[in-house]
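Structure first, commentary second.
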Amino acid sequence: MAAAGARPVELGFAESAPAWRLRSEQFPSKVGGRPAWLGAAGLPGPRALACELCGRPLSFLLQVYAPLPGRPDAFHRCIFLFCCREQPCCAGLRVFRNQLPRKNDFYSYEPPSENPPPETGESVCLQLKSGAHLCRVCGCLGPKTCSRCHKAYYCSKEHQTLDWRLGHKQACAQPDHLDHIIPDHNFLFPEFEIVIETEDEIMPEVVEKEDYSEIIGSMGEALEEELDSMAKHESREDKIFQKFKTQIALEPEQILRYGRGIAPIWISGENIPQEKDIPDCPCGAKRILEFQFSDMVC
């Protein structure tokens, strides 16, 4: 892996937010719900969003708004992460990037307003500004349509069947109200905004001198006893795990650690990749770490 410099780490925390703040025009970082697509071109289709193991559609997990300073073509930039929720897969992670210059055909040149728009209804937008339609279940590109009303769009036969069973069979006769009567398909993750804060810089030597029982007190007595036991039999594995727990305990509610080129916090010494294990980018450049997320997201 490319060498990482001492860069600030931004921490992400999941918080409830009104629906309008999680729409594309607000450039949100968020967990769950449907993806708030940034641009209309180059979006992944159903084949790219199918699990390689079971073939079922992947679920949207999170997106991070991550523009690149000094890159006019990436003034707006968002990273989308999808995963498979089907047993026994629960894997199949896939990442996509969507970016736009500041001057584009979809958004204002100026920053978005911090005030709610005049209409803040809960209706789901299932059509991009480009005209492309989105799946009623997952919010990804929907090239398939209902053969009866021709106004309900889907990414796959699985999602069309699911929507038909959970309400579209009745709603199909009222196509003008489809966007307002979308049922809970139990396919999406709960939706939250990811609020970003910069991690406080704590020198390693200061952390070592602090009272570990105070640092990890919020994480329970069982964890404290576990770390005390490990401290008596320190090994490389123990030190890696203890460093992980100590670092996370400083902000135990964090779900995301972001920073281009930051060093990852490993939970175990097993299977740590070497630089030769990480394939180069198709452009030939070495890949670097951009973010790390917690399983608390799921």
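Quantities reported herein were computed from a predicted structural model and do not represent experimental measurements. These numbers come from the heavy atoms of this one structure, side chains and all, not from hydrogens, waters or symmetry mates. In what follows, residues are counted from 1 in the order of the sequence shown.
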Check your understanding: Taking only residues at least two apart or on different chains, which pairs with a member in residues 63-76 satisfy salt bridge (Lys or Arg N to Asp or Glu O under 4.0 Å)?
Key -> Arg71-Asp73

Exercise for review: Hey, could you give me each pair passing salt bridge (Lys or Arg N to Asp or Glu O under 4.0 Å) that has a residue in residues 154-167? Not counting sequence neighbours.
Suggested key: Arg136-Asp163

Exercise for review: Test side-chain contact (heavy atoms from CB on, under 4.5 Å) on Glu290 and Ile79 and set out the steps.
Suggested key: CA-CA 10 Å; Glu290 186 158 359; Ile79 303 171; 3.4 Å; yes

With rounding to the nearest 0.5 Å, note down the distance linking [atom1] in [X] to [atom2] in [Y].
X: Glu86; Y: Cys51; atom1: CD; atom2: SG; value: 8.5 Å
X: Leu49; Y: Cys135; atom1: CG; atom2: SG; value: 10.5 Å
X: Glu197; Y: Phe13; atom1: CD; atom2: CZ; value: 5.0 Å
X: Lys151; Y: Leu126; atom1: NZ; atom2: CG; value: 13.5 Å
X: Ile255; Y: Glu15; atom1: CD1; atom2: CD; value: 10.0 Å
X: Phe187; Y: Arg85; atom1: CZ; atom2: CZ; value: 7.5 Å

Exercise for review: Take Leu128 and Leu43, measure what side-chain contact (heavy atoms from CB on, under 4.5 Å) needs, and give me the verdict at the end.
Suggested key: CA-CA 11 Å; Leu128 298 175; Leu43 299 187; 3.5 Å; yes

Could you tell me if the side chain of [Y] sits less than 4.5 Å from the side chain of [X], heavy atoms only?
X: Cys138; Y: Cys155; result: yes
X: Cys149; Y: Cys172; result: yes
X: Thr145; Y: Tyr154; result: no
X: His168; Y: Cys146; result: yes
X: Leu11; Y: Thr198; result: no
X: Cys140; Y: Pro35; result: yes
X: Phe75; Y: Pro67; result: no

Review point. If we ignore angles and hydrogens, is there a donor and acceptor under 3.5 Å between the side chains of Glu199 and Gln247?
Key: yes

Practice item. Would you check, one step at a time, whether the test side-chain contact (heavy atoms from CB on, under 4.5 Å) holds for Val95 with Phe80? Key: CA-CA 6 Å; Val95 181; Phe80 299 84; over 6 Å; no

Keeping [X] on the side-chain end and [Y] on the backbone end, is there a donor-acceptor pair under 3.5 Å?
X: Tyr107; Y: Leu38; answer: yes
X: Glu25; Y: Pro112; answer: no
X: Ser59; Y: Leu188; answer: no
X: Asp277; Y: Glu275; answer: no
X: Trp37; Y: Gly139; answer: yes
X: Gln63; Y: Cys78; answer: no
X: Arg94; Y: Cys84; answer: no
X: Lys286; Y: Ile288; answer: no

Would you say that more than 12 heavy atoms from the other residues, nucleotides or ligands in this model lie under 6.0 Å from the [atom1] of [X], or not?
X: Glu52; atom1: CD; answer: no
X: Arg97; atom1: CZ; answer: no
X: Gln170; atom1: CD; answer: yes

With hydrophobic residues grouped by side-chain heavy-atom distances under 4.5 Å, do [X] and [Y] end up in a single group?
X: Val195; Y: Val31; result: no
X: Phe106; Y: Leu22; result: no
X: Phe96; Y: Phe60; result: yes
X: Ile194; Y: Phe293; result: yes
X: Leu256; Y: Phe192; result: no

Check your understanding: Does the distance from a Lys or Arg side-chain N to an Asp or Glu carboxylate O, for Glu114 and Arg21, drop under 4.0 Å?
Key -> yes

Point to revise | Salt bridge flag under 4.0 Å for residues Arg287 and Asp280 | key: no

Point to revise | Derivation and outcome, salt bridge (charged side-chain N to carboxylate O under 4.0 Å, His left out), residues Lys30 and Glu193 | key: CA-CA 4 Å; Lys30 73 186 193 80; Glu193 182 179 15; over 6 Å; no

